[in-house]
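Encoded as structure tokens, the structure appears first; notes follow it.
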Protein chains: 2
Amino acid sequence: MDKTVYLDAARRHCESRGCRLTELRQQVLELVLEHPGVVKAYQILADLQRERGVAAPPTVYRALDFLVEQGLLHRVEALNGFILCHHFDCPHDGLILVCERCGGVEELDATGCLTSLTDAMSAVGFTPRAQNLVLTGTCRSCQA
Amino acid sequence: MDKTVYLDAARRHCESRGCRLTELRQQVLELVLEHPGVVKAYQILADLQRERGVAAPPTVYRALDFLVEQGLLHRVEALNGFILCHHFDCPHDGLILVCERCGGVEELDATGCLTSLTDAMSAVGFTPRAQNLVLTGTCRSCQA
DNA sequence: CAACGGCATGTTACTGTATAACATCATACA
DNA sequence: TGTATGATGTTATACAGTAACATGCCGTTG
């Protein structure tokens, strides 16, 4: 997807949810966009400092939290990182595969793969929050 | 399970794997044992300092890493914490349910619940490392 | 026994991750 | 115009994790 198109879609997505994709938030989103795969908060912080001179952690964390809340990013807890969500406009159960060797990240749509899991959970009365599962392992190209 | 019995079983478990459950490691394990649910490394550090005067982070992390490696503890990445594994002696796919409201933790055996997931992964050539899935949500008693 | 090797632990110092608390600014709307 | 609300700036600090090196313990082997 073209960058401008993507940003427009992201903006509309936020506005349809009653939020604003402010300049700062968009700037952070663009910075994330420039990194393939997982990106760390402090990496974004450094990028932001390069672009605007000063920036403190809360600035970055607030923007990232906002973007996660809007579904534009996923938080990858196991790695203390963030990745872009390419299909924020359709609700989905994500499955994020992180390769231990090359660090590459792949996002799968796991909708439909989780029924037996959710069954097991409801058997004990547990209601999961919609979320993304993160699994580490080895990707196809690193199998060799 | 009685505490002494548990510790003996843990010791034998380690020895059968060619490792020693040293005094320090056992002490840390006991400290984890005293906390219900998830416990943080720095909590253990504080406990340890209470018991022996001084202790530095590496001491605790090394012991915790060891215990995780032996399968006696699970690491809960999403929470930067650790929980006891109650059935370290049988290999299993764990499913750890963390309640967002009360902080309670429940561990399920997910062996057999993951086939459709692993199918989806192998379809893209991804080999997951054996691990525990951590899900957040709401537990039965907090549903109300 | 002494020397060595391997592992466990101690110690210092640091890097990285994240948030609290409060100040300021912008905007929208009464 | 005043005020409420949300966004951002700023300072300081808490929390999480590790690198690097020193020391101690213990079993093996010459």
Which donor-acceptor pairs under 3.5 Å do the side chains of residues 29-39 of chain A make with protein atoms, sequence neighbours left out?
| from | atom 1 | to | atom 2 | distance (Å) |
| --- | --- | --- | --- | --- |
| A:E30 | OE1 | A:K3 | NZ | 3.4 |
| A:E30 | OE2 | A:Q26 | NE2 | 3.2 |
| A:H35 | NE2 | A:D47 | OD2 | 2.9 |

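- Nucleotide D:dA7 holds its P atom 7 Å from the CZ atom of A:F66, rounded to whole Å.
- Of the possible donor and acceptor atoms, one in the side chain of B:H13 sits under 3.5 Å from a partner among the backbone N and O of B:Q70.
- Panel note: side chain B:T59, backbone B:A55; no donor-acceptor pair is recorded below 3.5 Å.
- Within residues 13-49 of chain A, the residues having any heavy atom under 4.0 Å from DNA chain D are, by residue number, A:R20, A:T22, A:L24, A:R25.
- The side chain of A:P57 lies closest to C:dT19, out of D:dT11, C:dT19, C:dT11.
- In this structure, CG of A:D65 is placed 12 Å from C1' of C:dT17, rounded to the nearest angstrom.
- For B:Q27 and B:R52, the side-chain atoms include at least one donor-acceptor pair closer than 3.5 Å.
- Not one side-chain nitrogen or oxygen of B:N80 sits closer than 4.0 Å to the OP1 or OP2 atom of C:dT17.
- Positionally, the nearest nucleotide of DNA chain C for A:R75 lies more toward the 5' end than for the other of A:R62 and A:R75.
- The shortest distance between the side-chain N/O atoms of A:T59 and the OP1/OP2 oxygens of D:dT8 is not below 4.0 Å.
- OP1 and OP2 of C:dT19 both lie 4.0 Å or more from every side-chain N or O belonging to A:Y61.
- Taking atom CD of A:E69 as the reference point, atom P of D:dA7 lies 10 Å away to the nearest angstrom.
- Remark: the A:E107 side chain and the A:H86 side chain contain no N/O donor-acceptor pair separated by less than 3.5 Å.
- Checking side-chain atoms of A:R25 against main-chain N and O of A:R20 turns up a donor-acceptor pair under 3.5 Å.
- Note: CZ (B:R52) to P (C:dA8) measures 15 Å, nearest angstrom.
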